[in-house]
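The structure displayed is predicted, hence computed values, not measured ones.
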Amino acid sequence: MSTIRRPPVRIDRGRGPGDVAVGVLALAAIAALLVGVPFALVTFFGSPIPSRPPSMETLTQRLDTSALMRILVIVVWLAWLQLAACVLVEVYAGIRGVGVPARVPFAGGPQAVAHRLVVAALLLFTATTVVVPALTAPRATHVQVKDPPRQQPRPAEHPEAVARQAPEPDTAPTPMEQNAVRKIYRVRPPEGRHHESLWEIAEKCLGDGRRYREIYALNKGKVQPDGTRLTMASLIRPGWVLDMPADATHVEVVQRGPHDGQHEHGVPHSQVPGGVHHRGGVTTEKQAVDAARRAAEQEARDHRTGHEAGRGNDQGTAHQGGAEASRPPAAQPPHATSPGTAPSARPPAHAAPPAHASPRAEHSAPARPEHSGQPSERHRPPAEQHRPAERQPAHLPDFGWPEELAVASLLAAGVLAVLGRRRREQLWRRAFGTRIARPDGEAALAEQALRIGADTDATRLLDLGLRQMSKALAAEGRTLPTVYGVHLGADSLDLWIAPADRNPPAPWEEYDNGQVWRLNAGALDGVATADLADVLAPYPGLVSIGTNDTGRILIDLETAHGLISLQGPDEARRAVLAAVAVELATNRWSDHMRITLVGFGEELSLIAPDRIRAVATLGEALPELESRTEEVRQALAASGVDSVLTGRCRGVFGEAWMPHYLIMADPPTPDEAERLVALARTGQRMAAGYIVAGETPGATWTWDVTPDGRLRAGVLGFDVEAQLVPERHYRAVLELFRTAGRADGVPYGGLDEEPVPAPAMGEVRPAVDIRILGPVEVDAPGVVEESRRALCTEVLVHLATHPEGVHPTVLSGAVWPRGVSAPVRDATVARVADWLGRDSRGRPNLYYDERGRIRLGSEVRVDWEMFRWLVWRSAAEPASETAYLTYALDLVRGPLLEGRPRGRYSWLAAEDLEYEATARVADVAHRLVLMRLDDGDSRGAVTAARAGLRLAADDEGLWRDLLRATHATGDRSAVYEVVDELSERVGADPFAAQLQPETEALVEELVPQYRVAEGAG
C-alpha cells in the first residue's frame, strides 16, 4: 500500500545577500547617527558644555547670528540625545525579547526610525531572520516553518483540477519522515536550585535560545503526563514530554501518533491526489475527482433548496391590488351580523414565510439524514477520520435543538429584551475584575435559539405602528377600530378590522374595501420610540397563535368579549398556553398589564414579576378578576367614554384601561367554569381576556390544537402552525432568568499569563486584520462573494475568537446550529481560506493543525487579542501602564460585533466573549479614568470614559466616571450635557430599567434639582 510522503520541513537559519546588505546599511546608519553626528558637532561647533556658567547678561543680551546658531546647535544635540535613547531602548527590546519597547517621551517618529534600523541591524547577529517584538510572536505551530506555497483545492470548483494538484516537494523525504517518527524531549528533574527552562532546551537542542517560542507553540495546551498543560512559556515541569522541531538534536525519536503530520499548512492530505491515505485504503485519483464532484453537486443542491424554501409561496401567488391578496380563509368576525359585513381578508401572499419555513441556504440549512449534522467519513478532514470522536463541550445539552423557540420571532425578541434588562441590573452589582454569570447547558442552547429567531424589527413595527395609529386617530377625534386579527409579514403589518373602514390614518392604507388596514415596513423609519412614549398601547391583548405560509398570525384576546377555550392533548395545550403567557409577559406592545396564571407554578413569575401573578387554583384568582372588572365599569361611567378603546386612544383615565388576563393550564371545575363564564361574558371590551384549557360550556371562542402542532381558531377561520413552548424549553428559559438574577460575579481572570500576542501593532502590517471591537471589519488579501460574505465573516470571527483552534464538528454546531452537511461546511471553510490568502512567507493564513483543528496563521491580527495583550502588558510594566491602557482603548470602536445580521452569531450565547469583553473594557476604562484624574488630566479622563462607553454603554459605573471626570474639568455646561445624554438614553429605551440609586445620587449632587427621565419599564 502506497502512502503520500510528507515533504521535509525546513528551518531557514541562513541569511540571504539582501538581508546582509540591509543589515550592513542599517549598522552604518546607526553608526553615522550615534557617532558621526556628535563628532561633526564637536568638530565644527565645539563642545556643547560651556566653559563657564551662563550669566544674566547672556540671557538678556540682544540675539545675533552667532547666538541663533548656538541655539540651533543645542536643539540638534537634544534631538541626538533623544535618538540615542530610542536606539538604546530598541536594542534592549530586540536582544532581550521583552515585547513592545518602552516608549521614549515625545519620540514617535524618531523611535519608529530607530526601530527599523535596529531590527535590520540585529538580523546580522541572530540565528534566524526573525527579530521582531513579542507582538509578532507565533500563534501556531508553523510560524518558523517555511514550506513551498501550495494551492488549496476547493471542492466546489473544477474537481478534475483538484485531483491533479499533486504537491511537488523540493527535496526528498528524510528517513525520519519515511518512518513516520517525531522528536520529543523529556524535561529533567531539578538539580539543586537549577531548573530547566525552554530557553535552555532551545539552546541545547536547537542551537539558539531564542527559538524557545517554537517549542512553546508546538506544545501549548497539550495535556502532559501529570494531567496539566503548558500555558506559560516560563513554566515547565519535570517529567513533561515536549514535541520538538524536526531539526532538533539531543532528543528522543519516537513513532508518530495517529494524528501527527496529517495536515500541513492548510492542505489536508485527503485532498492530495495520487493516493490519499485514510482508513480503509488509498483513494485513487478517480475517487478524488468523484468525491469532489459529489461535494460540489451537494453544495449546489443545498444552496438551491435553501433559496427556494426562502421564497416559500412568494412566487406562487401574485399580489393583486392588495385586496384579494390579503384575505384569511373563512374569516368571520366575531360580531358580524350578515355575510356582507364579514371581512374575508386573506393573509397577503407577498409576505415572507415564517422563520421555520424558510431556512437560510447556508446559515440554517437542515441536516440531511445521511449526515445528521455530522461530517461524513468521505468528506471529513483526515485528522477527523483518524481520530476518535471528540467529546462535545460540556455546555451542550442532550434535549435537542429548541426549534420552537427559534421560530417564535416575537416571543424571542421579547424574552431577550427583558433578559437584557436583567443583565443590565446585574452590572450594578458587578465587582471590578469580574463579569456577570452566563447561562450554561440547556439554558445556553435555548438562548442560542432565541437569538436566531428574535425579530426586533417586526416587534418595533407592531409596537410603534399601533401607537402611531392610535395617536393619529385621537388627533382626528376618531376612535380605534376593533381588530380581531393581525398578520405580520416580512414587509407589512395587516390589521383585520370589523366593521370595515375605508379611511385609515396615514401612513396606513386600506385594502379589501376597508376590511384590511396595512402599514408598510418602511413607513415608520423616521419615528423614534420617544415620540410615542406617552401613547397608551391600544391593543395589549394581541398575542401570537402561530404562523401560516406567509407570516405570523396574532389574535386580540380582548375581542372575544368572553372566554376562550383551548382543546387538544394536554401536552400540546400546555405548550400553547406557555407560549401565550411568555409572550404576553415580555412583549413590547403592552403597558403595565396584569397576568394571572393558574396551574403553571410560581417559577414563571421569574420572567416578569411586575406583570405575572401565579396562583394554585382559580378560586384564588376570581376575587381579583371580579374586582378588576367592576373597576373598569366604574371608569367607563365616570369618564364618559363609550369604550375601553376610546379611553386608551384619548388617554382618559389611563390606568383604568390597563388589561388583566387569565391563563389557566388545567380545566376548571364545573362550578369554577360557570362563575368564570359569567364574569367573562360582558358583551363589550372590558380590558380583560380569559383563556383556559379544556372544553368549557359557554365559551365564546373554541380553539383546537392537534397532536402534530396545528391550531384551528374556530369562528375566526385560522388554521396555523401553532406557536409552542414545550415543557423542556420552558424550563430552559426559566433557567436563563435564574442565571440573570445571580448577584455574584464570575472572575474573568486569565491574564496572569501572557496572552497569545497578535502580530503587527504599529509599523508591521498584518497579513489579515480582523476587528470585532465595534462593527466587524476584515482586511484580507483575497476576495469573497458578497452573497457569501455574512456567512464567511461569521466563520472567520468564530475562528478568530478561538485562537486555540476549532474542530470542524464544533464549527458546524456553532455556525449552523440547525445542522449542515460536511461538504457545505468544508466548502465554506475553503472559501474563507481563499479569502484570507497567504502570509508573507507563502503559508496559508487558515490551516488544519496536527489535531485536525482549524486555526488562523501567525500573521492574522485580531483586535480583541491585541486588547488583552496590551492589558496584560500594562500590568507587567507599571511605569507604562497609562500608555498601554490608552492603546487598548483606542482599539474599541463601538459595541462588540455591532451591526451583525439578524439570526447570526447565536453561538455567542454559550461563549464568554460578550460578557468578558464588556467587563474588561469597562474595567480598563475605569482604571484609566482614575489614573488620569490622579494626574490632574481631567479631559484625558473624559476621553477614557467615553472610550469605554463605546462598547460598554450599559455600565452605569462608566457613566458615573464620565460625570465625575466632566465635573473635574470645571465646565458646568458639559456636565449638563452628559446628564441630558444619560436622560435621553434612558427615555429612548423602552426596556431600560431605572437608574442605579448611586447614579441618581451623583446626578443630584452634581446637578441639583435635575430629574433624569425614567424608562418605560
Evaluate the salt bridge (charged side-chain N to carboxylate O under 4.0 Å, His left out) criterion for residues Asp666 and Arg574: first the C-alpha distance (whole Å), next the side-chain angles of each, then the deciding distance (0.1 Å), finally the verdict. CA-CA 8 Å; Asp666 300 316; Arg574 296 187 72 89; 3.2 Å; yes
Flag the pair [X] and [Y] as a salt bridge only when some basic side-chain nitrogen lies within less than 4.0 angstrom of an acidic carboxylate oxygen.
{"X": "Asp457", "Y": "Arg460", "value": "no"}
{"X": "Arg451", "Y": "Glu447", "value": "yes"}
{"X": "Arg648", "Y": "Asp591", "value": "no"}

Rounded distance [0.5 Å steps], CZ in Arg904 versus NE2 in His798: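 Arg904 CZ to His798 NE2: 13.5 Å, rounded to 0.5 Å.
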Once rounded to the nearest 0.5 Å, what's the spacing between atom CG of Leu461 and atom CG of Leu519?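 The CG atom of Leu519 is 5.5 Å from CG of Leu461, to the nearest 0.5 Å.
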Nearest heavy atoms of [X] and [Y], plus distance in Å:
{"X": "Asp501", "Y": "Trp517", "answer": "O-NE1, 2.7 Å"}
{"X": "Ala406", "Y": "Arg818", "answer": "CB-NH2, 3.5 Å"}
{"X": "Val720", "Y": "Ile545", "answer": "CG2-O, 3.9 Å"}

Can a donor-acceptor pair be found between the side chains of [X] and [Y] at a distance below 3.5 Å?
{"X": "Arg825", "Y": "Ser812", "value": "yes"}
{"X": "His487", "Y": "Thr550", "value": "yes"}
{"X": "Ser565", "Y": "Thr702", "value": "no"}
{"X": "Glu558", "Y": "Tyr661", "value": "yes"}

Within a 6.0 Å radius of atom CD on Glu571, are there more than 12 heavy atoms belonging to other residues, nucleotides or ligands? no
Does Glu695 have more than 12 heavy atoms from other residues, nucleotides or ligands lying within 6.0 Å of its CD?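 Open: at most 12 neighbouring heavy atoms sit under 6.0 Å from CD of Glu695.
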Does [X] reach the main-chain N or O of [Y] with its side chain, forming a donor-acceptor pair under 3.5 Å?
{"X": "Glu509", "Y": "Val516", "answer": "no"}
{"X": "Arg710", "Y": "Asp719", "answer": "yes"}
{"X": "Arg902", "Y": "Ala454", "answer": "yes"}
{"X": "Ser590", "Y": "Ala537", "answer": "no"}
{"X": "Asn548", "Y": "Gly551", "answer": "yes"}

Using the side-chain contact (heavy atoms from CB on, under 4.5 Å) rule, take Leu410 and Arg588 through it: C-alpha gap first, then chi angles, then the decisive distance, then the call. CA-CA 9 Å; Leu410 300 182; Arg588 174 175 168 173; over 6 Å; no
Pick out which of Trp703, Tyr484, Trp496 makes a ring pair (Phe, Tyr, Trp, His ring centres under 6.0 Å) with Phe718.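 Of the listed options, the one satisfying the test is Trp496.
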Would you indicate whether the side-chain heavy atoms of Trp907 and Leu811 approach each other to under 4.5 Å? no
Check each of Val725, Asn587, Asp455 against Leu411 using the side chain to side chain contact (heavy atoms under 4.5 Å, CB included) test, and report the only one that passes.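 Exactly one option meets the side chain to side chain contact (heavy atoms under 4.5 Å, CB included) with Leu411, and it is Val725.
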